[in-house]
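Heads up, the thing below is written out as structure tokens.
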Amino acid sequence: MIENLLTRPGRLPLIAPSILSADFAALGDECAHVLGECGADVLHIDVMDGHFVPNVTMGAAVVKSLRKRLPHAFFDVHLMVTDPGQYIAGFAEAGADHFTFHVEPAVDRHAGAGDSPLSRGYDPRAVAERVREAGMSAGLAVNPPTPVEWVEPYLDDFEMFLVMSVNPGFSGQAFIEGVLEKTKWLAGRVGEGQRVEMDGGVSPENAGRVRGAGCDVLVAASAIFGRPRTERAGIVRSLRG
Ligand code: DX5
Ligand code: ZN
């Protein structure tokens, strides 16, 4: 495993604002503020391909620009795409630190568009190895309807496991409480240097339950960037608990 902020955190839990709800016309300032004055730990960058999920967001070019503006920030990139392997080199070269992709397209050949060549599946372990060869740590994500046991064969192969607490595609959706059972399951199985991340609908209202279920990386888009700048430092503090 490579050493990075996820595997060697200075403190836990880590708070990871998702830039999906940021003001894209002021993205550099939004990110600098939330990491600086507000004390958040890592930036969560949601990449969607319009195929695995019904939305398109941003690609490696955004990471490259943010890296220039924030040379020391930690970039936690979350790929909601059917074929993550094709994006590894681009994000590594752009300056990403961590690369999470989903288990569903790997094991479910019909997760994408029928018999599209994009939904032919992949071996998560092999993709994780390529991610590390490219200099990033690797994460494996599960959607709310996906049994968490799908990641069991790969428990030793990832620095982080991401449990989706909304169906991916959009920020601002309601938290699905039942997924906390999955994070409890994971928290009892991961090692010291491995993280459990929760993503979707996380807010100060439910953050205590999320932390209590063993999550040590909390992602939040609308709860942070959907609020006025003057409130964001307080929100980061209450997410951290
Ligand atoms: C959802 C993304 C999340 C999303 C979270 O598809 O993976 O990271 O931005 O947004 P909130 O925190 O508003 O639910
Ligand atoms: Zn995400």
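For ligands, and for the atoms within them, numbers begin at 1 and follow the listed sequence.
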When only distance counts, is Gly201 in polar contact with ligand 1, meaning an N/O pair under 3.5 Å?
-> yes
Would you say ligand 1 has an N or O under 3.5 Å from any N or O of Gly169?
-> yes
Indicate yes or no: at least one non-hydrogen side-chain atom of Ile19 is less than 4.5 angstrom from one of Cys31.
-> yes
Would you say Val42 and Leu5 make side-chain contact, with heavy atoms under 4.5 Å?
-> yes
In Phe161, Phe52, Phe158, Tyr154, the residue satisfying ring pair (Phe, Tyr, Trp, His ring centres under 6.0 Å) with Phe101 is Phe158
What orientation do His102 and His78 show, parallel under 30°, tilted 30 to 60°, or perpendicular over 60°?
-> parallel
Taking the side chain as every heavy atom from C-beta outward, state whether Asn55 and Phe170 have any atom pair closer than 4.5 Å.
-> yes
Heavy-atom side-chain proximity of Ile45 to Ser18 below 4.5 angstrom | no
Please work out which of Ile19, Asp46, Leu79, Val202 has its closest non-hydrogen atom nearest to atom 9 (O) of ligand 1.
-> Asp46
Ligand 1 N/O within reach of Gly172 N/O, cut-off under 3.5 Å | yes
Would you mind running through ligand 1 and noting each atom that sits below 4.0 Å from a heavy atom of Ala220?
-> 12 (O)
Side-chain contact test, heavy atoms from C-beta onward, threshold under 4.5 Å: evaluate it for Leu20 versus Met48 and give yes or no.
-> yes
For ligand 1, which atoms, with element, lie under 4.0 Å from some heavy atom of Met48?
-> 6 (O)
Ser21, any N or O under 3.5 Å of ligand 1 N or O = no
Considering only N, O or S atoms of Asp199, the one closest to the Zn ion (ligand 2) = OD2
Within a distance under 4.0 Å of any heavy atom of His44, pick out the atoms of ligand 1 and give their elements.
-> 8 (O)
protein heavy-atom neighbour closest to atom 13 (O) of ligand 1 works out as Ser222 OG, 2.5 Å
Within a distance under 4.0 Å of any heavy atom of Met80, pick out the atoms of ligand 1 and give their elements.
-> 6 (O), 7 (O)
May I have the step-by-step check of side chain to side chain donor-acceptor pair (under 3.5 Å) for Thr57 and Asp46, ending in yes or no?
-> CA-CA 7 Å; Thr57 54; Asp46 286 308; over 6 Å; no
Checking distances from the Zn ion (ligand 2), one finds that the N, O or S atom of His78 closest to it is ND1
Is Phe170 near ligand 1, meaning one of its heavy atoms is under 4.0 Å from it?
-> yes
Note: Glu93-Arg67 ion pair, threshold 4.0 Å (strictly below) = no
Looking at Leu20, which atoms of ligand 1 are within less than 4.0 Å of one of its heavy atoms?
-> 9 (O)
Pair Phe75-Phe99, ring-ring contact (aromatic ring centres under 6.0 Å, His included): steps then yes or no = CA-CA 9 Å; Phe75 294 156; Phe99 187 100; over 10 Å; no
Distance-only N or O hit between ligand 1 and Ser18, under 3.5 Å = yes
Those atoms of ligand 1 less than 4.0 Å from some heavy atom in His78 | 7 (O)
Are Ser21 and Ser171 close enough, and set up right, to give a side chain to side chain donor-acceptor pair (under 3.5 Å), and what steps lead you there?
-> CA-CA 7 Å; Ser21 293; Ser171 57; 2.9 Å; yes
For ligand 1, find out whether one of its N or O atoms is nearer than 3.5 Å to an N or O atom of Asp199.
-> yes
How wide is the angle at the Zn ion (ligand 2) between NE2 of His44 and OD1 of Asp46, to the nearest 10°?
-> 90°
Glu30/Arg229 salt bridge by N-O under 4.0 Å criterion | yes
Can you spot which of Arg195, His98, Arg132 makes a side-chain hydrogen bond (donor to acceptor under 3.5 Å, both in side chains) with Glu159?
-> Arg132
Gly200 heavy atoms, cut-off 4.0 Å: which ligand 1 atoms fall inside?
-> 14 (O)
Location of contacts on Ala221 toward ligand 1, heavy atoms closer than 4.0 Å = both
Under 4.0 Å to a heavy atom of Pro168 - the qualifying atoms of ligand 1, by number = 6 (O)
